[in-house]
A.B. asks: 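One structure, as structure tokens, below. Some questions next.
Everything numeric in this text was worked out from a predicted model, so none of it was measured.
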Amino acid sequence: EVHVVESGGGLVQPGGSLRLSCAASGFDFSNYVMGWVRQAPGKGLEWVSAIGTGAGSTTYQDSIKGRFTFSRDNAQNTLLLQMNSLKPEDTAVYYCAAKFWMVGGTDPSQYAYWGQGTQVSVSS
């Protein structure tokens, strides 16, 4: 059975930090690109970041470059998204998702496995 589980969301003031974690199981983690996709209230799914398989190369949406860092530990099948300098526009449900490494692009529809989401709220 495939499980993708996010944790670490919460309420934080603008400029603050949160750390999101993701634990995955039930598939060959090292052969899957992992990504974070978010959905703000009233908005569609928005790709945020992706991290490659063995090399662990990362790509980020422009709005979060320099603020978020994404890492993976293939030995533990875990992911970490460190979110710094948070802004109100970062408020969204954040989903951890997986796609087979040969599937390119950043379209959320390309991701095969999804977590349940964790709420991030940035407000004063």
Side-chain angles (χ1 to χ4, degrees):
E1 63 281 72
V2 172
H3 294 284
V4 181
V5 182
E6 309 95 333
S7 62
L11 175 64
V12 66
Q13 294 183 340
S17 298
L18 285 173
R19 184 173 63 188
L20 304 185
S21 298
C22 178
S25 62
F27 61 96
D28 190 354
F29 184 79
S30 65
N31 283 330
Y32 279 76
V33 171
M34 301 300 298
W36 289 96
V37 179
R38 67 186 181 186
Q39 187 167 30
K43 304 293 184 179
L45 293 170
E46 178 187 38
W47 175 83
V48 174
S49 182
I51 188 164
T53 54
S57 60
T58 53
T59 54
Y60 300 93
Q61 190 216 70
D62 287 343
S63 69
I64 55 89
K65 286 180 179 177
R67 300 190 295 121
F68 295 4
T69 55
F70 191 12
S71 60
R72 69 189 291 163
D73 184 344
N74 285 352
Q76 299 293 324
N77 288 11
T78 56
L79 308 164
L80 181 68
L81 183 67
Q82 180 65 47
M83 309 166 68
N84 299 323
S85 301
L86 283 162
K87 303 175 180 179
E89 52 262 44
D90 295 319
T91 296
V93 176
Y94 283 71
Y95 298 94
C96 179
K99 65 178 181 178
F100 187 63
W101 71 274
M102 294 186 70
V103 178
T106 59
D107 191 331
S109 68
Q110 297 175 306
Y111 287 83
Y113 307 132
W114 293 74
Q116 80 290 343
T118 186
Q119 177 71 51
V120 171
S121 297
V122 185
S123 176
S124 60

A.B. asks: What residues, two or more places apart in sequence or in another chain, satisfy side chain to side chain contact (heavy atoms under 4.5 Å, CB included) together with Ser85?
C.D. replies: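 Partners of Ser85 under the side chain to side chain contact (heavy atoms under 4.5 Å, CB included) test: Arg67.
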A.B. asks: Can you give me the closest heavy-atom contact between Gln116 and Val4, atom names plus distance?
C.D. replies: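 Minimum heavy-atom separation between Gln116 and Val4: OE1-O, 3.6 Å.
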A.B. asks: Ignoring hydrogens, what is the shortest heavy-atom contact between Val33 and Trp101? Give both atom names and the distance.
C.D. replies: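 The pair with the smallest heavy-atom distance is CG2-CA, 3.9 Å.
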A.B. asks: Ignoring hydrogens, what is the shortest heavy-atom contact between Phe68 and Tyr60? Give both atom names and the distance.
C.D. replies: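 Closest heavy-atom pair between Phe68 and Tyr60: O-CE2, 3.5 Å.
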A.B. asks: Are Ser71 and Asp73 close enough that a side-chain donor and a side-chain acceptor fall under 3.5 Å?
C.D. replies: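 No - no donor-acceptor pair under 3.5 Å links their side chains.
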A.B. asks: Would you say Val5 ends up clustered with Tyr111 if hydrophobic residues are merged whenever their side chains have heavy atoms under 4.5 Å apart, either directly or through other cluster members?
C.D. replies: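 They do not share one cluster, since no chain of ILVMFWY contacts under 4.5 Å joins Tyr111 to Val5.
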A.B. asks: Compare every heavy atom of Met34 with every heavy atom of Leu79, then report the nearest pair and how far apart it is.
C.D. replies: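 Reported closest heavy-atom pair: CD1-CE, 3.5 Å.
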A.B. asks: Might you point out which heavy atoms bring Gln119 and Thr91 nearest each other, and give the distance in Å?
C.D. replies: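 Heavy atoms only, the tightest pair is NE2-CG2, 4.0 Å.
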A.B. asks: Can you sort out the partners of Ala92 under side chain to side chain contact (heavy atoms under 4.5 Å, CB included), two or more places apart, ordered by chain and number?
C.D. replies: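 Residues passing side chain to side chain contact (heavy atoms under 4.5 Å, CB included) with Ala92: Arg38, Ala40, Tyr94.
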A.B. asks: Below 3.5 Å, can you tabulate the donor-acceptor pairs from side chains in residues 9-20 to any protein atom, sequence neighbours excluded?
C.D. replies:
from: Ser17; atom 1: OG; to: Asn84; atom 2: OD1; distance (Å): 2.9

A.B. asks: Residues in ring pair (Phe, Tyr, Trp, His ring centres under 6.0 Å) with Tyr113, at least two apart?
C.D. replies: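 For Tyr113 the ring pair (Phe, Tyr, Trp, His ring centres under 6.0 Å) partners, ignoring immediate neighbours, are Phe27, Tyr32.
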A.B. asks: Got a sec, which residues hit ring pair (Phe, Tyr, Trp, His ring centres under 6.0 Å) with Trp114, two or more places apart in sequence or on another chain?
C.D. replies: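 For Trp114 the ring pair (Phe, Tyr, Trp, His ring centres under 6.0 Å) partners, ignoring immediate neighbours, are Tyr95.
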A.B. asks: Sorted by first residue and then second, give each salt bridge (charged side-chain N to carboxylate O under 4.0 Å, His left out) pair with at least one member in residues 57-66; sequence neighbours left out.
C.D. replies: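 Sorted pair list: Asp62-Lys65.
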